[in-house]
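Single-structure report; data block below.
Below, chain A is the first sequence line, B the second, and so on; all start at residue 1. Because the structure is predicted, anything quoted here is derived from the model rather than measured. FYI, side chains are in, hydrogens and waters are out, and symmetry mates aren't considered; it's all heavy atoms of this structure.
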Amino acid sequence: HSFRSVEDPAKPKFYCLSMFPYPSGKLHMGHVRNYTIGDVLTRYHRMRGFNVLQPMGWDAFGLPAENAAMANRVPPAKWTYDNIAYMKGQLQSLGFALDWTRELATCRPDYYQWNQWLFTRLFKKGLAYKKTGVVNWDPVDQTVLANEQVIEGRGWRTGALVEKREIPMYFLRITAYAEELLAALDGLPGWPEQVKLMQKNWIGRSEGVRIGFPYQLENEERVLWVFTTRADTLMGATFMAVAAEHPIAVFAAKRDKNIAAFVDECKRGPAMEAELAQIEKKGMPTGMFVNHPLSGEKLPVWVGNYVLMGYGEGAVMGVPAHDERDFAFALKYRLPIKPVIRHPLGERTDPPWKPEYAEYGACINSGPYDGLDYEKAVNAIAADLSRKKLGEKQVQWRLRDWGISRQRYWGTPIPIVHCAACGDVAVPDEQLPVRLPEDVVPDGTGNPLNKLASFTDTKCPACGKPAKRETDTMDTFVDSSWYFARFCSPGQSNAMADERANYWMPVDQYIGGIEHAILHLLYSRFFQRVMRDETGLMQKVAEPFTNLLTQGMVLAESYYTDAGGRREWINPANVEVVRDAKGNIASAKTKDGRAVIYDGIGTMSKSKNNGVDPQALIDQYGADTARFYIIFASPPTNTLEWSDESVEGSYRFLKRVWTFALRFSKAAKSRDLDRKARFRIHAELRQANYDIQKHQFNTVASACMKILNALEDLPEWNATTEEGLSILLRLLSPITPHVAHHLWRELRFGEDIMKAPWPEPDPVALEQDEVELVVQVNGKLRGSIVVPKQADKATIETLALSNANVQRFVAGQHVKKVVVVPGRLVNLVV
RNA sequence: GCCGGAAUGGCGGAACCGGUAGACGCAGCGGACUCAAAAUCCGCCGGCCGCAAGGCCAUGAGAGUUCGAGUCUCUCUUCCGGCACCA
């Protein structure tokens, strides 16, 4: 229980959290990197006197368990619990300073019941609601597919062409918090700018005008609404485009087979936005028209495969003259292009498209709005639309509500009962949790819960009549959106969290992959606010993570052999590289002699068989070498390119520390201090302390190497050796705790290095009487001089000019200017 | 396509506020030790020119600002992450 944490208001607290792993089977190198970084910070802060909490748990629900279940006919629960047991052993063998008494797994009822509890609160308040959402549908397996399971438009198991399908789903109203989630980003100085910027763009606040285009449908007066940030171009609208699911498209499809076929084609298209954005923009006229709200002009309505029903109103206005996409669309379908803005290139918008066409400028060809600039035009148009009740200024968000329903088994059951009389009824608190049966083996066709009467058949909590349970489960992002708060309240069975969360939250340092920059982090920020508003706890905590470190991915080289036209991927551990005299890779072959082809560097993946198993590394070199290498190889935010050879270097260094320290422990000690060595050691320590606070741990590891080099350069073991070793071991201890702990005791520095104070540089050791200055002529390095520390500018200038090589470049020329940078350089401008 | 990053020797990287580019390590080359190998230790190690002193070039490409640019500004290229059901 060395790492067990207890609330202690007398000490400053430091809650250090690494993103919890999905228990996929065994640790991968990304995990080892993530948790090593977290452990360095944890141990560093402990030595600095903080009350530190570093917990660990399991993000245990998810798709891979169901895939494994299908492959091995083992229930996802068993597979998951077995993986957890194995991976926990691996984490322990790496020596992470984790408080295991707080361990949690999201697939346990005592965890997920609070997902359910919070959901019912939100449901009753309207912050969780039901509407349709789009999913990938495999028509053969009759099942919903995850994006990952769609390979080139086809189902991964059946090969069937995947269809889009609209089904009822539950959504969380994250948009209700859009304003706050956006504004609060400014109050997060401990987050990387790039992450805040990505979140800002994702939330996507835009100011514009909602515009109504009246039309008739089956003798009924209706209005087609669109949102635009370019209301100033309204007079240039020449067509409208609607999504395939829009009522106008649905109506048109009913009367025209061709339109029906096109609408069908649009619906079959990709559901993923990334793909949707890259498909060829296609459209078809619906034969329907709307009236321009200001000019009354008739505008044709098209169905467009690029218009999303789930975003905004499911319709856009087409202004070909001033929008690149509309311009291409208009050219393709010979729609009119009507310039209404004077842009930097003039008043015409002839093909090809030029970016200037989209710039702001004064209105032209716009009747009463001619001559108005962007702001005035938007104001005038919005005012005129408002009078006609056909528009108003509006703030629009790119952020959409969060659809949490999954048509899968291995997740938190959504606590809703469907009653013929009462509708959707939230399961009351006393009936929670709605337990997920753990002995089910899915077969890939639909959700197995649908086939389990023992699960589905229940009574309506409101009227008591027979009713059916909802069988959808929750998105696993729900589980991971509040686990950090649960870690603070282990054993609490009456609430999500308790007052202990007030002590520990917010997380002081959160560490995880950059790939989570948007979704997981945004959902967690949302959930923290929901907990604040619904549980009465953590009233002062809106932001769950004060400081965020986004680590880079771990990459490895991949190799393949040609196996009869097919690529056989060879694990890098089984490849031998042949180098030429300069160290360049000349060729590579398998250990049994077959030629292999190098395929470049990339993420470790099963498909390319280039994963490096951390266990092999730990078995061969021990935990400290693995940890040291990972820290030393690259700064935490960079990608880390795996190299077995460099691991050897880390191992070699730790062996050198070990033998040096043990030799010293037996040696006679003189009391002399070595001034130069002390300067080197304390200068490195000063740098290391600066770097560790910047989270640049690789140079802290370098500093450890440099200190050892300085100690090895000493002619004899003296008091400086002892001082240097005590600094070295403490500096090293967060990275390689086992080696440091052992040597610390062996050298009789103390019982427990974790209880030793963090080393600070000695100002006396850092004092210097003389400094070396570099001499430049016109910014080019020409020599160096040694001057007394306090030398004035004139002395420095004289000394610089007296340098022989400097003279060669100054001779016969006029020195116009002398720049002296104290302690660094002098630049003579001639 | 949109949003966000990154690019420095053969390789990973260092260079704090714009001030000696390549610290530290890997690989490579040469040597010591050894019967031999492993391990360990010592030396060299961006490119070109030069006996040397030293010089010229060089931080993805091209421009700019500055006494001085890897670092700041603009344009471009390539690669990586995300795009709402992988986690």
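For A:Glu152, there are no salt bridge (charged side-chain N to carboxylate O under 4.0 Å, His left out) partners, not counting sequence neighbours. A:Ile681 is linked by a side-chain contact (heavy atoms from CB on, under 4.5 Å) to A:Ile707, A:Ala710, A:Leu711, A:Thr720, A:Ile727, counting only residues two or more places apart in sequence or in another chain. Here A:Lys332 pairs with A:Glu280 under the salt bridge (charged side-chain N to carboxylate O under 4.0 Å, His left out) rule; sequence neighbours left out.
Contact annotation: side chain of A:Gln278 to base of B:rG1, donor-acceptor pair present below 3.5 Å.
Residue A:Ser646 places no side-chain N or O under 4.0 Å from the OP1 or OP2 atom of B:rG12. For the pair A:Arg782 and B:rG55, the criterion of a side-chain N or O lying under 4.0 Å from OP1 or OP2 is met. For the pair A:Asn638 and B:rG12, the criterion of a side-chain N or O lying under 4.0 Å from OP1 or OP2 is not met.
Across all strands, A:Tyr690 comes closer than 4.0 Å to base atoms (heavy-atom distances). Across all strands shown, A:Leu63 has heavy atoms under 4.0 Å from sugar-phosphate atoms exclusively, and none from any base. Using a 4.0 Å heavy-atom criterion, one finds that A:Gln687 contacts the bases of the nucleic acid, with or without backbone contacts as well. Nucleic acid contact for A:Glu641: sugar-phosphate only, since backbone atoms but no base atoms lie under 4.0 Å from a heavy atom of the residue. Within the nucleic acid shown, A:Ala633 comes within 4.0 Å of sugar-phosphate atoms alone, with no base atom in reach, counting heavy atoms only.
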Pick out the pairs of N or O atoms, protein on one side and nucleotides 67-72 of chain B on the other, that lie under 3.5 Å.
{"unit_1": "B:rC67", "atom_1": "O2", "unit_2": "A:Asn827", "atom_2": "ND2", "d": "2.4"}

Can you name the atoms? Protein N/O to nucleotides 74-82 of chain B N/O, anything below 3.5 Å, with the distance.
none

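In RNA chain B, the stems built from three or more successive Watson-Crick or G-U pairs (distances below 3.5 Å) are B:1-7 with B:77-83, B:10-12 with B:24-26, B:28-32 with B:40-44, B:46-49 with B:54-57, B:60-64 with B:72-76.
Across B:rG13, B:rC86, B:rG54, the shortest atom-to-atom separation from the side chain of A:Ser634 is found for B:rG13.
Whole-Å rounding puts the A:Glu684 CD to B:rC16 C1' distance at 14 Å. Remark: C1' of B:rG13 and NZ of A:Lys694 are 14 Å apart, rounded to the nearest angstrom.
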